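So the structure is just underneath, and the comments pick up after that.
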Amino acid sequence: MNVLLLGSGGREHALAWKLAQSPLLGSLHAAPGNPGIANHATCHALDATDHAAVVAFCARQAIGLVVIGPEAPLVDGLADTLRAHDVPVFGPSRAAAALEGSKGFTKDLCARAGIPTAAYVRCTSRTEAAIALSGFSLPVVIKADGLAAGKGVVIASTFAEANDALAMMFDGGFGAAGAEVVIEAFLTGEEASLFALTDGTTTVAIGSAQDHKRVGEGDTGPNTGGMGAYSPARILTPELEARAMAEIILPTVQAMADAGTPYSGVLYAGLMLTPTGPQLIEYNARFGDPETQVLMPRIEGDLLPLLLATATGTLADAPHPRLSHDSALTVVLAADGYPGTPARGGAIAGLDAAALTGATVFHAGTALVNTGLPDAGLVANGGRVLAVTATGRTVTAARDKAYAAVDAIDFPTGFCRRDIGWREAAREAGSWSGAGPDAAQETA
Ligand code: AMP
Ligand code: GLY
C-alpha cells in the first residue's frame, strides 16, 4: 500500500520512521516532509491547502491511505475532501476536528455528556466576560476559543491580569481565534496526556505521555510546543487510564457520533489528574509533538494496519495495539531564540555519532543547504529543530541514553533543557516529594 503523510515536523518524522517499518508499505510519500523524513519517504512540494492538488496526487500515486499530521489541514476540512473522493484518510472531518478547533464546542459537549472538566463560561464580548469573571475565584483560566498555536491560554492570578487577558483577546491578540473566549476554573493536579485511536465506533488507547511545555529548566519561562516528553506517564495508572477512557474518551466518541459528526483518527486528551479523578483540560485532534516521538518507539508491531483500520472504520477487526513496557524519552533541541524568533541557518553536525549511542534523532525543523554540492549541510530551519529519542527499562535509563546522544550532536546555535523527565526520574529514585523540581532535589 502507498501512503501519503502530510506534515514536516518531528511528529511526522516519527510517524514516517514507524510506517517505514511496515511490511505492508509500498511507497511512502511525504508533503512537504523534511530531511529526516526523506530518509524514509519521497518528499513532494504538495500544498495541503490545495485540496484538488492533494486528491490528484493521490490518484496519480495510487495512495491507499493519507495520514494527516498537523491540525490545520484537519480544521480546514482536508479529510472531508479526501473521503468525498474515496481516499482513506487518517484524521477527523472538519466538524469532528472542532474538538481541537473550538474550546467552547468541547466544553459544551462535556457539559452535555457529563464529562469531568473545569467549570466554564463561554463569552463573545468583553461586557459578557466581565460579568462572568466575577463568578470565578482565583486563579482563573482565560482561553481563546480557536486555534492559537498553543499560546491562547492565560492563567491569571489576579482579576487585573484576567481583565488584561480578556482585553488582549477581544482586541484581536489571537486574531479570529479570540473572537470568543472561554473562562474556566483552575484545576490542580499533575497533567498527563492519553492517546486513543477511534474509528467513530471502536476506541482503543495507544499510550500515555507527559511533556514539558515551558522553555526553561524547572518548568520555567514561556510556553513552547514542548521541549521534551516521555512515555508512559506512570502517574496515569492503569486504574486512572481506565477511568479516563470510561468517563472522558468513550463518552466523547459517543457524543460525537450522536451529534452526527463521528470522530475518526487519534484523540489526544490533555488530562488533569485531580484529587477526585481525571478531568479533561483539552482535546487535540491529532498526535502530539513531541509526544509522538515517544509513542512510536513504544508501539510494538505494525502501525500501518492500525491507522488504516481507524481510517476505514474497521478498528474492531484490527489487532489490539501492543505497547512496550519500556519507557521512551525525547529531548528537543531548539534554535536559540525559541519560542520567540528562532535563529535560522545554524549548522548541525554529529548526527551519525548520536545514532551510535542507540538513540534515534527525529528531525523537526531542519533543512539541507547547498544540496548537490560537496559541502551540503544540515542546518536549523525552525524553532524546534531535532527531537533526540531513546528507550530504556526506566525513564532514567532512557533519559541518560538520550542525553548521551544530545552530547554527541554539534549544534552551536541551539539549546535544550537538561531536566527532561525530572518528575519521573525523581519518582524512580524514590525521592519525589510532589512539589517542584527544587523540592525533588532537596530530598534526593
Ligand atoms: P490547553 O491549551 O487548553 O491545553 O492549555 C494549556 C495549558 O494550560 C495546559 O496544559 C495546562 O497546563 C493549563 N491549563 C489549561 N486549562 C487549565 C485549567 N482549567 N486549570 C489548570 N490549568 C489549566
Ligand atoms: N506537545 C503538545 C502538542 O502537541 O499539542
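What you see is a predicted model; the values in this text were computed from it and never measured. Read the numbers this way: they start at 1 and go in the same order the structure lists the ligands and their atoms. Residue numbers start at 1 and run along the sequence shown.
Looking at heavy atoms from C-beta onward, Leu351 lies in side-chain contact with Leu386 at the 4.5 angstrom threshold. Side-chain contact between Ile249 and Leu267 is present, with at least one heavy-atom pair separated by less than 4.5 Å. Considering only heavy atoms from C-beta on, Ile281 stays 4.5 Å or farther from Leu271 through its side chain. A heavy-atom distance below 4.5 Å is not found between the side chains of Glu191 and Gln210.
Of the listed residues (Gln279, Lys103, Glu191, Glu100), the one carrying the non-hydrogen atom nearest atom 10 (O) of ligand 1 is Glu191.
One finds a salt bridge joining Arg418 and Asp407 here, because a Lys/Arg side-chain nitrogen approaches an Asp/Glu carboxylate oxygen to under 4.0 Å.
Checking Glu428 against Thr396 by side-chain atom types alone, a donor-acceptor pair falls below 3.5 Å. Side chains of Ser8 and Glu12: a donor-acceptor N/O pair is absent below 3.5 angstrom, by distance only. Side-chain atoms of Ser327 and Arg234 include a donor-acceptor pair closer than 3.5 Å. Using modelled atom types, one finds a donor on one side chain and an acceptor on the other under 3.5 Å when comparing Ser231 with Arg298.
Listed by number with element, the atoms of ligand 1 under 4.0 angstrom from any heavy atom of Glu184 are 16 (N), 17 (C), 18 (C), 19 (N). Residue contact check: Lys143 has heavy atoms under 4.0 Å from atoms 3 (O), 15 (C), 16 (N) of ligand 1. Interface of Glu282 with ligand 1, defined as ligand atoms under 4.0 Å from a residue heavy atom, comprises 1 (P), 2 (O), 3 (O), 4 (O). Heavy-atom proximity to Met272, at under 4.0 Å, picks out these atoms of ligand 1: 21 (C), 22 (N). Shown in contact with Lys213 at under 4.0 Å from a heavy atom are these atoms of ligand 1, numbered in order with element: 10 (O). Counting the atoms of ligand 1 from 1 in the order shown, those under 4.0 Å from a heavy atom of Phe186 are 20 (N), 21 (C), 22 (N).
Nearest heavy atoms, Glu291 versus Ser193: OE2-OG, 4.4 Å. Nearest heavy-atom pair across Val385 and Thr366 is O-CG2, 3.4 Å.
Relative ring orientation between His29 and His44 is described as tilted, the plane-to-plane angle lying within the 30° to 60° band.
At a 4.0 Å heavy-atom cut-off, ligand 1 touches Leu187 through backbone and side chain alike. Only side-chain heavy atoms of Ile155 come within less than 4.0 Å of ligand 1; its backbone N, CA, C and O stay farther off.
Sorted by chain then number, the residues whose non-hydrogen atoms approach ligand 2 to under 4.0 Å are Asp211, Gly225, Tyr268, Asn284, Arg286, Gly288, Asp289, Pro290, Glu291.
Counting only heavy atoms of the protein, atom 8 (O) of ligand 1 lies nearest to Val153 CG1, 3.6 Å.
Proximity of atom 15 (C) of ligand 1 to the protein is indicated by at least one non-hydrogen atom lying closer than 4.0 angstrom.
Residue-ligand proximity: Gly152 is placed with every non-hydrogen atom at 4.0 Å or more from ligand 1.
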